[in-house]
2 protein chains.
Amino acid sequence: MAAEETIRVLVVEDHHVVRQGLVALLNVVDGIEVVGEAADGVDAITQIRKHQPHVTLIDLRMPRLTGVEVIQRIRMETPQARFIVLTTYDGDEDIYRALQAGAKAYLLKGMTTDDLVTTIRAVHSGKSHIPPAIAQRLAERMGTEELTPREFDVLEQIVHGRSNKEIASFLDISEATVKTHINSLLGKLGVTDRTQAATAAIQRGIVPLESLRKQKP
Amino acid sequence: MAAEETIRVLVVEDHHVVRQGLVALLNVVDGIEVVGEAADGVDAITQIRKHQPHVTLIDLRMPRLTGVEVIQRIRMETPQARFIVLTTYDGDEDIYRALQAGAKAYLLKGMTTDDLVTTIRAVHSGKSHIPPAIAQRLAERMGTEELTPREFDVLEQIVHGRSNKEIASFLDISEATVKTHINSLLGKLGVTDRTQAATAAIQRGIVPLESLRKQKP
DNA sequence: GAAGTTCTCAATCCATTGGTGGAGGTGGGG
DNA sequence: CCCCACCTCCACCAATGGATTGAGAACTTC
């Protein structure tokens with residue numbers, strides 16, 4: 001490989017402090033140049049089109065467009081674009097969807113500079129770079145069935161602490177139907193009761209933690 | 001106030017990227033000097049004793065010693081030490097305990113540079129600086145009773161998805177006693193069933209999300 | 001030593017939840 | 001056109017969970 005080619009990197013991250021940190025770290029590394037920064041999904045797309053970076057570091061949870069959406073859109077028009085996903089917490093669902101969308105690697109924000117640089121170089125040279133622990137869980141998730149939209153609705157309500165009766169009236173269906181959905185989603189999640197379903201949903205990022213404080217009617 | 005006095009700041013944060021970001025941001029601000037960095041609680045105490053910073057920016061969740069423990073110990077020996085707490089997610093419990101321990105302000109990692117600098121100046125000049133939204137929830141929490149140790153044990157098991165029977169055998173008490181504890185902790189948390197208790201516990205940071213993947217026997 | 005807190009346990013009662021099996025209706029894809 | 005996935009609903013049953021009341025033992029605090 002051409003050791004002297006400079007890798008052009010774009011940093012997409014809504015947290016100002018983290019973005020600054022990444023840029024500061026990368027700017028002192030030989031062979032890597034930060035060609036731009038973006039703080040939300042829409043901005044990210046603009047910047048990527050403008051700068052055509054070799055590698056884009058991208059956060060998943062952002063205003064306006066999520067990281068996954070950005071990856072999908074860009075890879076539609078530029079399939080050779082390479083993405084490294086950044087997240088704070090390694091929620092399974094996020095990884096899964098990002099890699100589905102075509103991300104080539106995955107980094108936790110607690111990483112070392114070495115991790116960061118190694119991963120950028122690897123991805124730039126065409127490799128994927130998934131930590132074993134994550135690859136492991138990803139493989140497990142592969143065999144798992146997806147929740148249907150309606151099952152997801154019910155799960156969301158369970159996480160919000162609603163009873164079957166409340167869920168039924170909220171979704172305007174009968175309590176019997178709610179039970180049916182619960183029964184099948186318990187199976188798909190591999191758990192045995194609603195409390196486990198709720199914590200699993202939060203832990204895997206199926207239902208975001210932020211949604212909890214909101215809308216409590 | 002003396003506008004020409006340089007504020008000596010110490011940054012304590014285990015995430016390398018975030019720490020770099022804070023230092024990079026602060027180093028270009030007039031009147032603020034970063035005198036040191038630490039990546040865990042024990043290191044933090046050493047650095048604070050050595051550099052005697054005016055203000056310490058400190059993360060709460062760290063290896064070896066938590067931020068709260070660091071604040072408690074330092075304020076025992078140096079009550080005039082001032083702390084600004086940093087966290088990613090505004091879990092109520094963390095704020096509560098940190099402010100109890102003597103922290104003077106609270107910042108989310110999604111803050112702007114302005115927030116950061118304003119807060120540091122305010123805290124250095126002796127003020128507290130709590131965002132209204134957080135002060136609000138803090139006030140609500142004030143009237144709330146603390147969980148007893150045993151109630152906490154039970155709540156932890158609930159979050160891990162155990163049934164009353166399993167909790168009873170795990171804690172080596174009768175199922176009746178488990179029910180008693182649950183009954184009183186539901187009241188204290190202001191919820192009506194175990195699923196709500198579980199999500200409330202996670203949301204408020206009473207039981208950390210990280211503990212979920214571990215120990216599942 | 002009296003008062004308060006916590007932890008322990010029991011009995012009873014009713015509501016909620018989860019398991020099982022079956023069934024009709026819709027809409028899309030082969 | 002038929003099959004399949006999904007959504008909807010019913011009935012029945014067993015298990016679990018939560019509310020209530022009451023009470024004894026251990027420990028701390030005043």
Side-chain angles (χ1 to χ4, degrees), chain A residues 93 96-97 100 141-202 206-207 216-217, chain B residues 93 96-97 100 141-202 206-207 216-217:
Chain A
E93 224 53 33
Y96 184 65
R97 279 199 277 267
Q100 285 274 341
R141 177 136 322 337
M142 279 305 187
T144 321
E145 293 157 287
E146 289 279 320
L147 295 188
T148 69
R150 212 48 171 167
E151 285 161 4
F152 178 83
D153 291 341
V154 173
L155 178 57
E156 198 170 25
Q157 295 303 308
I158 289 178
V159 174
H160 281 73
R162 261 83 155 190
S163 70
N164 291 350
K165 196 170 300 191
E166 289 170 328
I167 297 174
S169 92
F170 184 86
L171 297 180
D172 202 36
I173 54 181
S174 89
E175 208 178 324
T177 307
V178 174
K179 285 188 173 191
T180 305
H181 290 312
I182 290 179
N183 220 285
S184 74
L185 73 83
L186 290 183
K188 289 182 182 177
L189 292 178
V191 300
T192 61
D193 61 53
R194 57 172 52 220
T195 305
Q196 290 178 11
T199 56
I202 294 172
I206 300 174
V207 176
K216 272 198 174 178
Chain B
E93 224 53 35
Y96 183 66
R97 279 200 277 267
Q100 286 273 339
R141 179 134 321 337
M142 278 306 188
T144 320
E145 294 156 285
E146 289 278 322
L147 295 187
T148 69
R150 212 50 170 165
E151 285 161 4
F152 178 83
D153 291 341
V154 173
L155 178 57
E156 200 170 25
Q157 294 304 308
I158 289 177
V159 174
H160 282 73
R162 261 83 157 190
S163 70
N164 290 349
K165 197 171 299 191
E166 289 170 329
I167 297 174
S169 91
F170 185 86
L171 297 180
D172 202 36
I173 55 182
S174 88
E175 207 178 326
T177 307
V178 174
K179 285 189 173 191
T180 305
H181 290 311
I182 290 180
N183 219 285
S184 73
L185 74 83
L186 290 182
K188 289 181 182 177
L189 292 177
V191 299
T192 61
D193 61 52
R194 58 174 48 220
T195 305
Q196 289 178 11
T199 57
I202 294 172
I206 300 174
V207 176
K216 273 199 174 178

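Chain letters run A, B, ... following the sequence lines, proteins first, then strands; residues in each count from 1.
Note: NE2 (A:His181) to P (D:dC6) measures 11 Å, nearest angstrom. When the C1' atom of D:dT16 is taken as reference, atom CD1 of A:Ile182 falls 14 Å away, rounded to whole Å. Between the CG atom of A:Asp172 and the P atom of D:dC7 there is a distance of 15 Å, given to the nearest Å. Going from atom NZ of B:Lys179 over to atom P of D:dA15 covers 14 Å, rounded to whole Å. Summarising the geometry, the separation between CD1 on B:Ile167 and P on D:dT16 is reported as 13 Å, rounded to the nearest angstrom. One can place CG of B:Asp193 at 13 Å from C1' of D:dA19, the figure rounded to the nearest angstrom. Atom CG of A:Asp153 is separated from atom C1' of D:dC7 by 11 Å (rounded to the nearest Å). Between the CG atom of B:Leu185 and the P atom of D:dA19 there is a distance of 10 Å, rounded to whole Å.
Remark: the backbone N or O of A:Gly161 is paired with a side-chain donor or acceptor of B:Gln196 at under 3.5 angstrom.
Counting any heavy atom pair closer than 4.0 Å across all strands shown, A:Asn183 reaches a base atom.
Under 3.5 Å, the side chain of A:Ser174 and the base of D:dC10 form no donor-acceptor pair of N or O atoms.
Close to D:dG17, at under 4.0 Å from its OP1 or OP2, lies a side-chain N or O of B:Arg194. Contact check, B:Lys165 against D:dT16: a side-chain N or O comes under 4.0 Å of OP1 or OP2. Contact annotation: A:Thr148 reaches the phosphate of D:dC7 (side-chain N/O to OP1 or OP2, under 4.0 Å). At D:dT8, none of the side-chain N or O atoms of A:Thr177 fall inside 4.0 Å of OP1 or OP2 (strictly under the cut-off).
With the nearest nucleotide of DNA chain C identified for both B:Leu171 and A:Glu175, B:Leu171 has the one nearer the 5' end.
Of the inter-residue distances, the one linking B:Ile182 atom CD1 with B:Arg194 atom CZ reads 4.5 Å to the nearest 0.5 angstrom. Distance check, rounded to the nearest 0.5 Å: CZ of A:Phe170 to CD of A:Glu156 gives 8.0 Å.
Across all their heavy atoms, A:Ala201 and A:Leu155 have their closest contact at CB-CD2, 3.8 Å. When all heavy atoms are compared, the tightest approach of B:Ala168 to B:Ser174 is CB-C, 3.8 Å. In terms of heavy-atom proximity, A:Leu185 sits nearest to A:Ala197 at CD1-CB, 4.3 Å.
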Practice problem: List the steps, then state whether side chain to side chain contact (heavy atoms under 4.5 Å, CB included) holds for A:Val159 with A:Ile206. | Solution: CA-CA 10 Å; A:Val159 174; A:Ile206 300 174; over 6 Å; no
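Each end of the helix from C:dG1-D:dC30 to C:dG30-D:dC1 yields a helix axis from five base pairs, and these two axes differ in direction by 50° (to the nearest 10 degrees).
Extent of DNA chain C lying under 4.0 Å from chain B heavy atoms, first and last nucleotide in 5' to 3' order, is C:dT6 to C:dA10.
B:His181 places a side-chain heavy atom less than 4.5 Å from the side chain of B:Thr177. For the pair B:Lys188/B:Thr148, a side-chain contact is recorded, criterion being any heavy-atom separation below 4.5 Å from C-beta on. Using a 4.5 Å heavy-atom threshold, the side chains of A:Arg150 and A:Leu171 count as touching.
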